[in-house]
Amino acid sequence: MKIRKAVFPVAGLGTRVLPATKAMPKEMLTIVDKPLIQYVVDEAKEAGIEHFIFVTGRNKGVIEDHFDRMYELDATLAARGKQAEIEILARDQSEAGAMSFTRQQAPLGLGHAVWCARDIVGDEPFAVVLPDELVLNAPGCLAQMIEAANKLGEKSNLIAVEEVPAHLTHQYGICGVGKRHGSTMFEVDGMVEKPPKGTAPSNLSITGRYILQSEIFRILETQERGAGGEIQLTDAMIGLARTQRFYGVEFEGERHDCGSKAGFLRANIAFGMARADLRDGLRAEMQHYLERK
Ligand code: UTP
């Protein structure tokens, strides 16, 4: 069944990057010249997603505005003959009716945020994309996952996984590795959210791209709070794995955790260096600072 819908949970408080996120949503933080949320919507579009579902909260209205038309801006740019800028705005404009916004009234956790999208998703498989994780690659991470799902051709769930250093596994959701399917995919053999040190089944962490079957909503409905007192998506996936298969996808590309200060800075450098129009200037600037004592 075609994966047509993607859920973007954007209701978190972004406490790791305060004070930037006091009045501004974390998902509007800018990498080079685009907000995080625009990157992940573009990634989903490229993967063939047709409907974009945002789970928002208080203080997040500007995300909705970002995807709307700005008539004053359009008119001013047109009057000044700023064609290149008009084209940038037109490129990012979503189709009417292709975006839905629902609210998570309190940040009870990622699992709860996904559950808030249940009625808009309905009874079909869907993607979940976390906007604070960017993957620098073409084709994008979600396109790679949808291709993997199509190859499987069976009703299943997929999670994007990435190796993390063994001594840091207690900070992540980790999955065990079962039967391998080709060089980049394997059957998931158990998942655990933030395993105590020395108990992780592997060093493969669950990252921010998922393809899930709609049965996850029934499990989320009664999911108890887990690690950090939050309703965890991983815990609900563990429940679903009792009756449905999960696959891990080792995607190609460099993942950036833009929800931490160091990761955000690194992503700006990586995405800046990937831009032909900015690379040389950025390299010269960095050289200057590296040489400074
Ligand atoms: P994070 O845990 O990275 O985001 O959740 P956070 O809670 O905003 O960040 P910190 O830890 O306080 O700095 C990953 C994604 O899930 C969303 C966040 O907005 C983010 O995009 N999220 C998280 C929700 O929508 N609701 C929640 O209750 C929790």
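In this text the structure is predicted, and so the values were computed from the model without any measurement. For the numbers below, each heavy atom of this structure counts, side chains included, while hydrogens, waters and symmetry mates do not. Counting starts at 1 for both ligands and their atoms, following the listed order.
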Is [X] touching ligand 1 with its side chain, its backbone, both, or neither, if touching means heavy atoms under 4.0 Å apart?
X	result
H112	neither
L108	backbone
P107	both

Any side-chain to backbone donor/acceptor pair from Q213 onto S156? Under 3.5 Å, distance only.
yes
Evaluate [X] for polar contact with ligand 1, using N/O atom pairs at a separation under 3.5 Å.
X	result
A106	no
L13	yes
G259	no
K60	no
R16	yes
V55	no
P131	no

Where L233 and I216 come nearest, the two heavy atoms and their spacing
CD1-CG1, 4.5 Å
Give the atoms of ligand 1, by number and element, whose distance to some non-hydrogen atom of L110 is under 4.0 Å.
16 (O), 29 (C)
So which heavy atom in the protein is nearest [atom], and how far is it from that ligand atom?
atom	value
atom 25 (O) of ligand 1	A11 N, 2.8 Å
atom 23 (C) of ligand 1	G12 CA, 3.9 Å
atom 12 (O) of ligand 1	T15 OG1, 2.6 Å
atom 4 (O) of ligand 1	K26 NZ, 2.9 Å
atom 14 (C) of ligand 1	D132 OD2, 3.8 Å
atom 17 (C) of ligand 1	P9 O, 3.4 Å
atom 8 (O) of ligand 1	G14 N, 2.8 Å

Hydrogens and angles aside, do E162 and Y172 bring a side-chain donor and acceptor to less than 3.5 Å of each other?
no
Looking only at side chains, do N157 and Q244 share a donor and an acceptor under 3.5 Å apart?
yes
Of the listed options (G57, G208, A113, G109), which comes nearest to atom 29 (C) of ligand 1 when hydrogens are ignored and any heavy atom counts?
G109
Distance col, row L13:CG vs K26:NZ, nearest 0.5 angstrom, shows 9.0 Å
Exceeds 12 heavy-atom contacts within 6.0 angstrom, atom [atom1] of [X]:
X	atom1	value
D123	CG	no
E95	CD	no
K2	NZ	yes
R218	CZ	no
R242	CZ	no

Establish, yes or no, whether a centroid distance under 6.0 Å links the rings of F52 and F67.
no
If the contact criterion is a heavy-atom separation under 4.0 Å, does Q104 count as touching ligand 1?
yes
Does K5 make a cation-pi contact with F126, if we ask for NZ or CZ under 6.0 Å from the ring centre and within 45° of the axis?
no
